[in-house]
Amino acid sequence: MDSFELQDELNALAQDPQNYDIPNERDFSSEDPTRLLEAAVEAVANSSDAIRDPEVFDVFRSVLKYSSSVPGTTMNKVLDSITSGLQGEMEATMRDIDSGDQTAYSAHRTPLELFAFLLHWFVTAAEKVKSKDDDGPTAPPPKARRGRGGKAGGGRGARAAAARMDENWSWEAQIAPTLSLISKVLVRLGNHWQRIWTASTEREAFVSCLVKPAYYVLENEQYMKVEGIKLNAEKVICVSVKHHNQILAAHTNIIQNLQFYEHLPEVLAECLHVLASQYDHTQLGDEILREIASKAFNAQDNKGPRNFARFLVKFAEYEPRSLLKQLSLLLGQLDSEAYPMRIAIVEVIGYIIYELATNVDDDADAKQTQKKIGGLFDLLHERILDVSSYVRTKVLSVLSKIFDIKAPKFPKQRLASTRAAGAALEDKAATVRKAAVSLLQKLITTHPYGLMHGGSLERETWEKEYDAVRKELEKVEAKVGGAVEVQGEEGGEEDGEKEGEEGEEDGEEGEEGDGSPKKKKAKKSKKRRGDDENAMDVDEDGEGASTEEEDKEGEEDEEDDSMSVDGDSQSTPKKKKVKAKKLKPRKSQLNMDAFTQEHAALAALEADELLRLKLKRKYYAEALNFIRQIEESMEILTQLLGSTNKAEVLETMDFFRCAYEYHLEGAKEGLQKMLHLIWVKDNNSSTSEDGKELKGIRQRLLEVYCAIYFEADPDIGNDAKGQINRIAKNMIERTFECTLAELTSLEEMMRIMMEEDRVHPDVITKLWQIYSSTKKIPPEQRRGTIIIIGMLAVAKKSVLEDHVETMLKVGLGKLGREDLALARYTCLALQRLNGSAKKVKGSLQDNTVRYPMESPIFSMLGKAVERPCRQRDWFGLAEQAINTVYALGQHPDVWCAAFVKKLTDRVFGPKENEAEEAEENDKMDEDKEEAKEAEAKVEGEKKAAEDDQDQDDDALIYQADTTFTQQPTPSQGDEAGKDVGDAFEMSQMLFVVGHVAIKQIVFLELVEREWKRQKDEKIAADKQASSGNKSSKEGEELDQVAGNAEDEIGDRIQAVRETELLYGEDSFLVPYGPMLVHICGSPHIYKSPLLRTTATVAFSKFLCVSARFCEDNHRLLFKILETSRDSTIRSNIVIALGDIAVSFSSIIDENSNELYKGLSDGVVGVKKNTLMVLTHLILNGMVKVKGQLGEMAKCLEDPDSRIQDLAKLFFKELSGKENAIYNNLPDVISHLSTGEHAVGEEMFQNTLRYIFTFIDKEKQAENIVEKLCQRFRLSEDPRQWRDIAFCLSLLPFKSERSVKKLIEGLQFYRDKLHEQVVFERFTEILTKARSNKSKDKPDTELDEFEKILEEHKNQGEEDQALENLVEKRKRKKGTRKASTRRKPSARQAAVEADEDE
């Protein structure tokens, strides 16, 4: 077959393989393909030249044409025959080439092309068969075709055998050897192709025919997962490019594959990497990069930009130097519309920086490298302002990876990155904020200032060292004389320059300094002007140094910038050997006779010391700058702990943990704020966007706190006692300077830790040792101990049960009398003895433990609170003592009645001589003397036992620690100097009476539940006993009886509460109701602030007890709220009104307007409490909203951020109630727009803009359009027109009905359109309506409406102008008439004057 044209055959095959013309085509329906193929295979096996025979060649072509219907073994034989024939022909060709017979080796061209054509066809055919098998490996059609193909073999057995052989044949297993053969042929023939193919087009056709199978294989994603196939395909492509100049074909195929196949970007990048590294060919990679750089990507195209972006990133990972060469072109993609390309360029820059920084020794010009790195960092910092949050996130993550480099450390770029990360913390995208937090954490953990102070970043320490270095520098500068300074400056400059260059070559300047190329110029210019400048200018710089010198370092230390930040360790004696430049001496400058050689040596040493100190000062200044930037971000980071994004919160928690370990200021406050996250319900692990597992927030919080405070410290080692002391000490410290909310959160954490057995029993034992210690320890430390013990007892009350006597002896004994706060916290701990299991809603079970009233607990409580005391802390103690009695006592009312009686006797009873009171005071003085003696005794014992190891260990806890400062309570030691004694005692009595009244209500509810439980058990027992004898009807009657009994119990308890507590003959609270009314209603008589405050609180509690008392006296409470000048009283009343509303909602509902007045209070605390109470009442349906929602809406723009947040939370929760905001929206608009409550336009717009976000139902929007349009008719004020138009513009206008309603309301607002702002609002509405309109509907209606609006606007302007003109003429006419009337009087006056003359 001498007329075979390879290119023509390839074209014909590519156009239509099914209609490909074969001269001697075989019909497999009448002939056995196996027999025909065996003959052809045998012929090729005998001689590879047999492929020239048309009969043999056409057999192979026929099999390949109908490959879908031949058995798998047949395909296997075809492949074996083709590959072996090609290999044999190649060997024969090489032998003939070696022999030099031109005629012989030229004859091999046709067989080679025939085999290449068959191999090319086989790959495409096998791919098609494979793809069909993939689509349905068990589908019947392929099997049916194979069955029909094997029918000529004779019978069912042949078909079964064919099926078995088909299963054994796998094209995937043959791909790698086939591609390996192709690459071998290309390599072997690469150097001799001109001898075989005289025309380059023929050779190109042959090479292309062999290479195309590799590209076919690349297109299959499954094959690319097999390492052998992938490597051989890459090898074929690389060989074709390197040895056969297939650059254009490879370029075209790679670009097309990147465009269409998502699995190929990484593969093709690896292929180009192999081509560059193993075959030393970078041209193809450069051309592809240039083409990608020139492409314009569309923002709507998702597939293309992502593929090219992944390719660039992978290629940059393999060959960063190649991308560096083309970077100037690729940077154009930073302006691409497609954000994936911008992300890719950002990552590329990161890889290039990493390459330049880690291989700086390979670069001949280190200065130039540093300049490149600085420019690349600038590009990254600019991209932090990208419009896409994905790009901004990627920039921050790339910077995090860069700062993982151990050396250099990029000190200047670090500071810029720290500033950028701090700014990104306020980004609107949570992913960006999370990446910024991660970058800040990375900057801290990899900071370059670890050579000093062990890596700590405590600002106070660094500032002290900075001041010390500055002072030392001033001293050295003062020693250096003028001439010596000049000589030292010359030598120092040369040495500094030389050392700077050496440091840059070693890569040290990145870790400790910066290598900006501007510094040599600065030094040279300084040398040039050295003759004309004062030689003492360095001294002058040093004298002006301060802790803020980092802003001036660029000016002061330009001569030293090339040195390292840690340059103080670089000063060596070698500097003395460097020859200084000789300056021509001037009489005014140098007197060489005045200096000896010793002075010159001294000058060199002084200059060396000066240089070292200046570098050290620069080092400290940069460290302080870095620390300040991190600490300035702490406030924002604390706010991020409240984010709704889980990943962001977890990252912030890790940051504070890291910041605490490096002793950064503000880390402790962050950890304290983090404590509130214990209430987050999400405690399940999830997966983040980048595929990482995210733990639950509560779980991470426990991990952080345990790692920092509550787990063994590796630094202490195996010292068990030291570890226990440390953990106990940390637990106690957590209670210092805590708010009530923080203590509540800490209690929940302690409860969870105790339930999960994270608290070692030895730690609890240690806490009891501290609490009961007789040594003198700080009061706040002992308080913290009992607080922690009480918190642990919430989970397991067994913590307390064995130590009740200790608590009574310490907390309610002598120490408790001296420290009332300790006694109060001891009462709180005692309350845990009743068991704090959560009550199940609707359950009558009560598992609490109660003690008989004869228990020593109650007698000690009585002694603690009945003892005369004039400290205001007594009120807190009394409150918790009463709570403890009601929590533990079986008959708490008995104890309370006796307590109230004693207090009443103290106030109103006859004073038995002053002797008794004096005796009590003397006793108190004796107690104090005893305490002082005991303290002196303890101090003596401490000094005597200083060598005792156990005491040393305990001292870790017992000794007063200056860091354990607790805010002193202003009430301690507050004697009643300003209050009359009777007023203070009366305040104590009224406080106790009020609290007992409110606790008695709670106790009655417990009694009611207990009665119901007993009744329920009795009826259940009766029902069970009689269940076998009674019918179901009788059982239903028993249930009714049980229900009636429960109602009867409830009514009885309610009657006790209403009629007996405050009005019953036997109630000890009866006389105090009228007393409270009298005191609260007579502020002019009872002027003591303390008495008025306690009386108001007690009066409020009495109002919660009885509806009758509340009905009679609630107006007095509102009067006090209105007239009182004490913000504390007003706050207490607001909170009390919330409690009263829970009990008697109808009474408060009638007077709710009074409650809303608190929102206008000038004191922030009163306003905040009012907002919180109203939020609670409204959301729980206890108070109906009657048009006062506008006052709540005003809080959305309150100057105080806490009130803003509370108001936003209220409206967000209110929006969850059906139509609540929609129903009240007209009242809110009226309230804020007109009348005495109206607000400014800007505040109105901001408020309504937020509220309208909750109008999300289209039907609601339509109705609001109609209502607002009708409002135009009733309003005459242009301000109201603008407000209504603004509200209309806030609606979405998504439906045609909304637009229709707007058009129908034209008659109401057409005469208002001349107002410019109103017309602009309607223009905005039209724009919004057009954007939401369906594309298939014309704009005719909206265009017509726009014309009508324009016409009415013009008409209105004309009418307005005419009206103004008429008004103006009226004014002129009135002025003329007035002047006309005035003229006769003037003349008359003149006549009268003449007559007088």
Side-chain angles (χ1 to χ4, degrees), residues 779-780 782-783 810-828 860-885 896 898-932 935 966-996 1072 1075-1076 1079 1083 1085-1098 1126 1128-1129 1132:
E780 62 271 11
R782 201 184 300 268
R783 287 181 215 147
V810 176
L812 299 180
K814 183 178 178 182
L815 290 172
R817 290 196 298 272
E818 295 173 357
D819 185 1
L820 297 184
L822 175 64
R824 180 164 65 90
Y825 288 124
T826 302
C827 291
L828 277 168
M860 291 298 293
L861 285 171
K863 290 179 182 179
V865 294
E866 291 169 8
R867 176 176 170 272
C869 179
R870 306 196 67 81
Q871 297 179 15
R872 292 199 178 187
D873 275 355
W874 180 91
F875 293 97
L877 170 60
E879 178 186 5
Q880 294 305 327
I882 295 170
N883 290 346
T884 305
V885 171
C896 291
F899 181 33
V900 170
K901 185 176 182 302
K902 290 181 181 179
L903 291 177
T904 306
D905 290 343
R906 184 184 301 171
V907 176
F908 297 108
K911 298 287 182 184
E912 296 180 357
N913 297 330
E914 301 290 332
E916 183 179 348
E917 187 174 350
E919 184 180 347
E920 290 178 354
N921 292 335
D922 293 339
K923 189 176 179 181
M924 293 172 63
D925 293 337
E926 289 175 5
D927 290 343
K928 291 181 180 178
E929 291 296 329
E930 290 175 5
K932 289 181 180 178
E935 181 180 350
Q966 185 176 27
Q967 291 283 355
T969 54
S971 56
Q972 283 187 354
D974 184 13
E975 301 297 336
K978 297 181 181 179
D979 293 332
V980 181
D982 290 342
F984 193 90
E985 291 176 352
M986 186 175 288
S987 299
Q988 292 176 315
M989 178 192 70
L990 294 180
F991 177 82
V992 170
V993 167
H995 195 59
V996 167
Y1072 300 99
M1075 186 189 304
L1076 287 169
I1079 294 174
I1085 298 175
Y1086 304 96
K1087 297 182 179 180
S1088 168
L1090 177 63
L1091 178 59
R1092 289 208 308 268
T1093 302
T1094 53
T1096 305
V1097 172
D1126 190 341
T1128 304
I1129 292 178
N1132 288 338

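Position 1 is the first residue of the sequence; numbering continues from there. For clarity, every value in this text was computed on a predicted model and none was experimentally measured.
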Chemist: Using atom types as modelled and distance alone, determine if a side-chain donor or acceptor of Asn1132 lies under 3.5 Å from a backbone N or O of Thr1128.
Modeler: yes

Chemist: Decide side-chain contact (heavy atoms from CB on, under 4.5 Å) for Lys863 and Leu812; before the verdict, give the C-alpha distance in whole Å, the side-chain angles of both, and the deciding distance to 0.1 Å.
Modeler: CA-CA 8 Å; Lys863 290 179 182 179; Leu812 299 180; over 6 Å; no

Chemist: With rounding to the nearest 0.5 angstrom, report the CG to OG1 distance, Leu828 to Thr884.
Modeler: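 The CG atom of Leu828 sits 7.0 Å away from the OG1 atom of Thr884.
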
Chemist: Using a 4.5 Å cut-off on heavy atoms from C-beta on, say whether the side chain of Phe875 contacts that of Ser987.
Modeler: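 Counting from C-beta outward, Ser987 and Phe875 do come under 4.5 Å.
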
Chemist: Can you give me the closest heavy-atom contact between Val900 and Val992, atom names plus distance?
Modeler: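 Nearest heavy atoms, Val900 then Val992: CG2-CG1, 3.9 Å.
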
Chemist: Are His995 and Asn883 close enough that some pair of their side-chain heavy atoms sits under 4.5 Å apart?
Modeler: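 Contact flag for His995/Asn883 side chains = yes.
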
Chemist: Got Cys827 and Leu877 here, is their nearest side-chain heavy-atom distance under 4.5 Å?
Modeler: yes

Chemist: Mind running salt bridge (Lys or Arg N to Asp or Glu O under 4.0 Å) on Arg782 and Asp819 for me, showing each step along the way?
Modeler: CA-CA 10 Å; Arg782 201 184 300 268; Asp819 185 1; over 6 Å; no

Chemist: Between atom CZ of Phe899 and atom OG1 of Thr904, what is the distance when rounded to the nearest 0.5 Å?
Modeler: 10.0 Å

Chemist: Any heavy-atom pair between the side chains of Leu903 and Glu985 that's under 4.5 Å?
Modeler: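 No, side chains not in contact.
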
Chemist: Out of curiosity, Thr1094 OG1 to Arg872 CZ, how far, rounded to the nearest 0.5 Å?
Modeler: 9.5 Å

Chemist: Taking only residues two or more places apart in sequence, or in another chain, which ones meet Tyr1086 in a ring-ring contact (aromatic ring centres under 6.0 Å, His included)?
Modeler: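 Partners of Tyr1086 under the ring-ring contact (aromatic ring centres under 6.0 Å, His included) test: His1078.
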
Chemist: Which heavy-atom pair separates Met986 from Leu1091 by the least distance, and what is that distance?
Modeler: CG-CD1, 3.9 Å

Chemist: Would you sort out whether Met989 and Met1075 count as a side-chain contact (heavy atoms from CB on, under 4.5 Å), showing the intermediate values?
Modeler: CA-CA 11 Å; Met989 178 192 70; Met1075 186 189 304; 3.7 Å; yes

Chemist: For the side chain of Arg824 and the backbone of Gln880, is there at least one donor-acceptor N/O pair under 3.5 Å apart?
Modeler: no

Chemist: Could you grab the distance from atom CG of Leu822 to atom CG of Leu815, nearest 0.5 Å is fine?
Modeler: 6.5 Å

Chemist: Would you say the side-chain atoms of Gln988 pair up with the backbone N or O of Cys869, donor to acceptor, closer than 3.5 Å?
Modeler: yes

Chemist: Could you please spell out the steps behind the side-chain contact (heavy atoms from CB on, under 4.5 Å) verdict for Leu1090 and Phe984?
Modeler: CA-CA 7 Å; Leu1090 177 63; Phe984 193 90; 3.4 Å; yes

Chemist: Could you give the distance from OG1 (Thr826) to CG (Leu820), rounded to the nearest 0.5 Å?
Modeler: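 Reported to 0.5 Å precision, the distance equals 11.0 Å.
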
Chemist: Please answer whether the main-chain N or O of Val865 pairs with a side-chain N or O of Trp874 as donor and acceptor at a distance below 3.5 Å.
Modeler: yes

Chemist: What distance separates Arg1092 CZ from Thr1096 OG1, expressed to the nearest 0.5 Å?
Modeler: 8.0 Å

Chemist: Hey, is Glu866 close enough to Lys902 for a salt bridge, meaning N to O under 4.0 Å?
Modeler: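 A salt bridge links Glu866 with Lys902.
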
